[in-house]
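Values in this document were obtained by computation on a predicted structure and should not be read as measured data. Hydrogens, waters and symmetry mates are skipped; everything else that's a heavy atom, side chains included, is used. Ligands are counted one by one from 1 in listed order, and the atoms in each one are counted from 1 as well.
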Amino acid sequence: MLVKSTTIPTSLFLLAVTSFAPVRATQYNLAKEYSGSTFFNDWTFYNNYDNLTNGDAIFVSAQTATSAKLAYVDSSTSHAIIKVDNTTTVAYNDKRNTVRITSNDSFAVGSVWVTDLYHVPYGCSVWPAWWSQAPNWPTGGEIDTFEGVNMQSLNQMSLHTEPGCKQQSPTQSSTLVNSTDCSFQTNSNQGCIVTDPSTASFGQGFQGGAYVTEYASSGISIWFFPRSSIPSALSSNSSTIDTSTFGTPVANWPNTGCNIEQYFQPQQLIFDITLCGDFAGNSAIFNETCSGVCYNDYVIGSPSNYDNAYFEVGYVRVFSSGNTVITPSGTLSTPGSSSTGGSGSGSNGARCLGAEIMAIPTVVGLVALFSGYIFLF
Ligand SMILES: *[C@@H]1O[C@H](CO)[C@@H](O)[C@H](O)[C@H]1NC(C)=O
Ligand SMILES: *[C@@H]1O[C@H](CO)[C@@H](O)[C@H](O)[C@H]1NC(C)=O
Ligand SMILES: *[C@@H]1O[C@H](CO)[C@@H](O)[C@H](O)[C@H]1NC(C)=O
Ligand SMILES: *[C@@H]1O[C@H](CO)[C@@H](O)[C@H](O)[C@H]1NC(C)=O
Ligand SMILES: *[C@@H]1O[C@H](CO)[C@@H](O)[C@H](O)[C@H]1NC(C)=O
Ligand SMILES: *[C@@H]1O[C@H](CO)[C@@H](O)[C@H](O)[C@H]1NC(C)=O
C-alpha cells in the first residue's frame, strides 16, 4: 500500500467512516468536457498504420486529419466528426486513411464517461469503437462501451483483462451474454461480452443517443439511452450526476466476479475506426452481414462505401467522484466539489503517479482517507 493507515489522524479517519460508509458512490461531478471548437484539443492522433488489429487502415496524424477533414468540428452544429476517408480511390496493396484518437488524460476508478452521439460509423469492412484502456494492456484492463463490425445492428460491450476477472451475477437489462470470462487468454481474447438487444444501439438503426460508462470500485456499468430518453441530468448539462437515477444498466460487471481495483488502472478514452482486420475482416463474421471480400471489394472499391463511416459527437464528458483525472504531467486535477462520497477514487491514480503526487499533501491526504476507507470495507 502506498500510504500507511497509521499516518491518518484518527479523527479524520472516523469522520470518513461515519460520513461515507453507508453511501455507494453514485454521485459524480463534471471534471472534463470535450466539446465544440476545442473538442480535439486534448487527444493524441495515433499517426501510424493499424499495427494493433491488422486493419487495412492508416490512422493519420493530427495534421493530416485536419487538412483532409477526417477529424473536424462542424461549424454549423459544433459537433465533432471523426471519419474514414470517403473521397480517395485506394490502390491495391494500399490502406485507407482513418482516425484513432486517445485522450491525453487518464481517468481513475471513480469516473463516469458519457458521450452524446448523433451518428455512428457503419458499412461493410467498417469496425468502429468507443472504448478505453490502460497503457500497458492487458495490465490495467480495457472497457469497450461501443463496438461492432460491418452491417451488424447490435452494440457489443466487453471487458478485457488479465486472467481472473469474470462477469458474475450482473444487474443488467440485456439477456444476450456471449461470454463471461474477461481474460485476454480465453476465447482468443474475445472478452466478457454483453450484446445490447436494441437495433438502435449500433449501425444503420442508430438514431442518436448517449452512452454512459461507470468505472467504479463496485463494478463497471454501461447505459445506452436513445436520444428521446437521455436522462435530464445529461441533456441539461448538469454539473452533477447520480448514476443510481439512471435505471438498470444494459451491461454490468460487478466487483464480486472481478476485483475492479485489481484488474483495472486509469483508463485513456479512445475513438477509432479501422477497416477489416482481426474482427471485421474475419471471413466467417464478415459473411454474416456482408458479401464479397472485405479488402478487395470495399477498402479498395468505391470510396462512397464509406459515406456512413463517421462518428458525429455532441460531446464527451467525464464525471468524477473525487480526484480521478490524471493529466500527462501526472497532476491529479480536482473537479468543482470534493464532497461526494468516492469509494476509492484516486487510489489507482496514486499508484501510477509515483513521486510527483507525493509533493501534493492535500491530495495525499485524500488518497490516504480513501485508502483507509477501502481497507475497512
Ligand atoms: C496531447 O498530446 C499530444 C501528443 O502527446 C500533444 O501534442 C498535445 O499537445 C497534447 N494536448 C494537450 C492539450 O496537452
Ligand atoms: C505500432 O507502431 C508504432 C509506431 O511505429 C510503435 O511505436 C508501436 O510499438 C507499434 N505497436 C505494435 C503493437 O507493433
Ligand atoms: C452475441 O450474441 C448475440 C445474440 O445471440 C449475437 O447476435 C452476436 O453475434 C454474438 N456476438 C458475438 C461476438 O459472438
Ligand atoms: C456544460 O457545462 C459546463 C460547465 O459545467 C460548461 O463548461 C460547458 O461549456 C457546457 N457545455 C455545453 C455544451 O453547454
Ligand atoms: C465468405 O465468403 C467468401 C466470398 O463469398 C468465401 O470465399 C468464403 O469461403 C466465405 N467464408 C466463410 C467462412 O463462409
Ligand atoms: C463523404 O461522406 C460525407 C459524410 O461524412 C458526405 O457528406 C459526403 O457527401 C461523402 N462523399 C464525398 C465525396 O465527400
Side-chain angles (χ1 to χ4, degrees), residues 31-77 79-90 95-107 117-126 128 132-140 142 160 184 189 203-204 206 208 266-275 277-279 298-299 301-314 316 318 325-333:
K32 175 97 191 168
E33 175 170 299
Y34 305 84
S35 72
S37 58
T38 58
F39 182 93
F40 290 104
N41 275 14
D42 228 354
W43 305 82
T44 298
F45 286 72
Y46 193 68
N47 191 22
N48 199 71
Y49 71 92
D50 177 2
N51 60 356
L52 304 169
T53 53
N54 301 305
D56 296 311
I58 296 168
F59 298 125
V60 298
S61 65
Q63 196 180 8
T64 302
T66 305
S67 60
K69 290 202 90 179
L70 300 183
Y72 65 98
V73 176
D74 183 312
S75 56
S76 62
T77 58
H79 297 163
I81 307 292
I82 298 162
K83 71 193 284 276
V84 177
D85 175 354
N86 68 331
T87 62
T88 305
T89 299
V90 172
K95 298 170 189 286
R96 184 171 289 281
N97 284 352
T98 169
V99 174
R100 174 186 166 112
I101 54 172
T102 302
S103 67
N104 287 8
D105 291 351
S106 306
F107 304 99
L117 300 171
Y118 286 83
H119 185 276
V120 295
Y122 65 89
C124 292
S125 78
V126 178
S132 70
Q133 67 172 10
N136 298 316
W137 191 97
T139 303
E142 167 182 339
H160 298 260
F184 76 104
N189 183 32
Q204 202 161 16
F206 184 90
Q267 302 279 303
Q268 286 174 290
L269 310 181
I270 301 171
F271 279 106
D272 79 270
I273 314 172
T274 191
L275 306 174
D278 298 334
F279 187 11
Y298 297 96
V299 178
S302 166
S304 67
N305 178 58
Y306 297 99
D307 286 357
N308 280 303
Y310 66 96
F311 283 103
E312 180 178 348
V313 188
V316 169
V318 184
V325 181
I326 300 155
T327 67
S329 61
T331 319
L332 215 57
S333 85

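Taking every heavy atom of both residues into account, I273 and T98 meet most closely at O-OG1, 2.7 Å. Residues L269 and S132 approach most closely at CD2-CB, 4.0 Å, considering heavy atoms. Minimum heavy-atom separation, L70 to V84: CD2-C, 4.0 Å.
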Discussion item. Working note: Y118 + H79, criterion ring pair (Phe, Tyr, Trp, His ring centres under 6.0 Å); need CA distance, chi angles, decisive distance, verdict.
Written reply: CA-CA 9 Å; Y118 286 83; H79 297 163; 4.0 Å; yes

Item to complete: Might you work through the ring pair (Phe, Tyr, Trp, His ring centres under 6.0 Å) test for F59 and F45, ending with a clear yes or no?
Response: CA-CA 7 Å; F59 298 125; F45 286 72; over 10 Å; no

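At a heavy-atom cutoff of 4.0 Å, ligand 2 is contacted by both the backbone and the side chain of N51.
Among protein residues, K83, N86, T87, D307, Y310 come within 4.0 Å of ligand 6, judged on heavy atoms.
Heavy-atom contacts of N41 reach the following atoms of ligand 1: 11 (N), 12 (C), 13 (C) (cutoff under 4.0 Å). Residue T44 has at least one heavy-atom neighbour below 4.0 Å for each of these atoms of ligand 1: 1 (C), 2 (O), 3 (C), 4 (C), 5 (O). Here is the list of ligand 1 atoms found below 4.0 Å of a heavy atom in N104: 1 (C), 2 (O), 3 (C), 8 (C), 10 (C), 11 (N), 12 (C), 14 (O). Close approach of ligand 1 to D42 (heavy-atom distance below 4.0 Å) involves ligand atoms 11 (N), 12 (C), 13 (C), 14 (O).
Contact between Y46 and ligand 2 is present, with at least one heavy atom of the residue lying under 4.0 Å from the ligand.
Centroid-to-centroid, the aromatic rings of F311 and H119 stay 6.0 Å apart or farther.
Each salt bridge (charged side-chain N to carboxylate O under 4.0 Å, His left out) pair with one or both residues in residues 31-56, not counting sequence neighbours, appears once here: K32-D42, K32-D105, E33-R317.
Scored by the side chain to side chain contact (heavy atoms under 4.5 Å, CB included) test, N51 finds Y46, N48, Y49 as partners (sequence neighbours excluded). Residues satisfying the side chain to side chain contact (heavy atoms under 4.5 Å, CB included) test with P303, not counting sequence neighbours, are T89, R96.
Taking any N or O of W43, backbone or side chain, none lies under 3.5 Å from an N or O belonging to ligand 1.
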